[in-house]
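The figures here come from the full heavy-atom set of this structure, side chains too, leaving out hydrogens, waters and symmetry mates. A, B, ... follow the sequence lines: proteins, then strands. Residue 1 opens every chain.
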Amino acid sequence: MKKHGSKLIFILLLAVCAIFLFPVFIVVMNSFKSKFYISAEPFKLPTGETFAGLTNYIDGLSKTGFFSAFITSLFITVCSVGAIVLFTSMTAWYITRVKNKFTKLTYYAFVFSMVVPFQMVMFTMVKTANVLGLDNPWGLIVIYLGFGAGLSVFMFSGFVKGIPIEIEEAAMIDGCGPIRTFFLVVFPLMKPTTITVAIINTMWIWNDYLLPYLVIGSDYKTIPIAIQYLRGGYGSIDMGAMMAMLVLSIVPVVIFYLLCQKHIIKGVVAGAVKG
Amino acid sequence: MSSITLKGVSKIFEDGYKAVDSFSMTIPDKEFIVLVGPSGCGKSTTLRMIAGLETVSEGEIYIADRLVNNIQPKDRDIAMVFQSYALYPDKTVYKNIAFSLERRKMPKNEIARRVHEAAKILHIEHLLDRKPKALSGGQRQRVALGRAIVRNPAVFLFDEPLSNLDAKLRTQMRTEIALLHKRLGTTFIYVTHDQTEAMTMGDKIVVMDGGVVQQADTPENLYNNPKNAFVASFIGSPGMNFLEGTVEKGKSSLVALIGGDAVPTKKDSEALRSKQGQNVKIGIRPEDISLEGTVAPLKGILKVQENLGSEAYIYIEYQNTMLTAKAPHITHKQSGEEITFYINGDKMHFFDADSGENLS
Ligand SMILES: Nc1ncnc2c1ncn2[C@@H]1O[C@H](COP(=O)(O)OP(=O)(O)OP(=O)(O)O)[C@@H](O)[C@H]1O
Ligand SMILES: [Mg+2]
């Protein structure tokens, strides 16, 4: 009986999995087709005639300046995610452990910031960034820290609440001030949440188009912006190169995810149980 | 030289609750002090103030003649063992024990030597590479002790370290901690709500209730000369029996009148004489009630008998009060039958009916 049920669930999940992977598959498949056939017959496998080999990739790499875009994206993503993890974990620890009106207010501000849609603050934010001189990659990192902080602080706080306070008190007696208590005792315990937060933010920041386009789009190209430049004038699009570049842009995130996959599941569970 | 002095130490929490009320005491070097009392009486709070985990609202705390009110826990030269053990879950046993030494930048080989020495004392050498979650409760307890003893602190603080262990292990660890105290020759301050633990371990016991120290004395004195009815009822197992009665002048000595019965007593004092004819609380230890005797036989109803093998507890209803007597063995009488018993009048305690102060 039970076995039967689990088989059914397995088949169901397999189907869902296929549906989710289908678009990715289409992109990968089309990236090997000659660009003229992509729009005409997007769902057909490449054949002798339509197969283009690596032409699209070579085309795309040269047209988009992919490598410099890759460096820009990598720099922005790594630094932003690093900053988010470092600062929000410390913030979450502080506002969870130090109980007063100010920390309570801060916590609610972070939670509230999660529900504010980006589009709502988009223009004022860009204007503010200009005025403050944040319209460069470093500034963008600060902005990402702001946008990523809400969810990250929320997740870290949930985890900190589950850490018995005695562990930190033991650390204080063992010779740690607050900073060492955090970095030597609390932060290592947060590993599952840290990885979860890192993955969530990496995926979002790596793929983000709108924010970098608005803030630094005229001077720097991240991968999504670079790919967007494949649209020529009058609606002409080099579909082949675009498909190829999309595939390349997915690869790093997939690799990162696979490396951390073991932990993200643990993290979600730990967060769920410890509330 | 690590004596500890508390001068009028109080703790008032942010919500205005006074958890500890002017605690004053000097704990000499090398002594084993036990803080005992019912749940919520402020034992942990007192200990945590000594550790520096809780601020002191009023008064002063000195460790080895140094005022420590504003000194951080890490600089107080103390070690603490928590009820929940509070091991670092992501670190191995070795790292757990070595952690405090590493913080003090001790050379690696010295750390290794000390960790192994501590592990040897506590019989956990074979566990050094394990993580805490792969240990049993008793083993975790030992690691927590190990983490404290490697440091050679001036003072050890224990907050109910044995309450998560099963009864047998608790008895065993009790002995081991007592031995550890002898071996290390350091001041121990030990918190428990279990009076047996307190009586068996402490050189001196501090009984607290409602944030106030009720009596601080040796186990013998607490048992034989409790300062008030609370201490009398808290110390001893099974607990002291209490009866309502009065004191009158008898032929040769004072006499306790309980209901219609008179029990002569050699207990005498100014305070007791001044209460003649007024209601007092009379306390009798279970071992001072026996089923054999000559003077002043009393009659009660036998309710329940408990045979423990080496001794027996006999519950007798007398004047609407349930008395517990400790006897060498159970009687042949059935429950519900009338039974004759004797109270050792000389061992009775008299307490003020209102304040609970010991009058004798
Ligand atoms: N942070 C706090 N704020 C307000 N009241 C507190 C706080 N911490 C403890 N208390 C109160 O102080 C009193 C003493 O607490 P404490 O922890 O010292 O008790 P305890 O004697 O150790 O009891 P137990 O045997 O249950 O551990 C309790 O009534 C408790 O509710
Ligand atoms: Mg306590």
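Proximity to chain A is absent for every atom of B/Ala148, based on heavy atoms less than 4.5 angstrom apart. With a 4.5 Å cut-off on non-hydrogen atoms, A/Leu184 touches chain B through its backbone and its side chain both. Neither the backbone nor the side chain of B/Leu157 has a heavy atom closer than 4.5 Å to any heavy atom of chain A. If you measure heavy-atom distances from A/Pro164 to chain B, you find no contacts under 4.5 Å at all.
Across B/Lys95 and B/Lys91, no two heavy atoms sit closer than the pair CB-CB, 3.8 Å. Here the shortest heavy-atom pairing between B/Met106 and B/Ile111 reads O-CD1, 3.4 Å.
Between chain A and the options B/Arg147, B/Glu14, B/Glu102, the largest number of non-hydrogen pairs under 4.5 Å is found for B/Arg147. Top candidate by heavy-atom pairs under 4.5 Å with chain A, chosen from B/Arg48, B/Arg104, B/Gln83, is B/Arg48.
A 4.5 Å side-chain heavy-atom check between A/Ile76 and A/Trp138 finds every atom pair outside the cut-off. Between A/Phe159 and A/Ser89 the shortest side-chain heavy-atom distance does not fall below 4.5 Å. Under the 4.5 Å side-chain criterion, counting only non-hydrogen atoms from C-beta, A/Phe156 is not in contact with A/Phe110.
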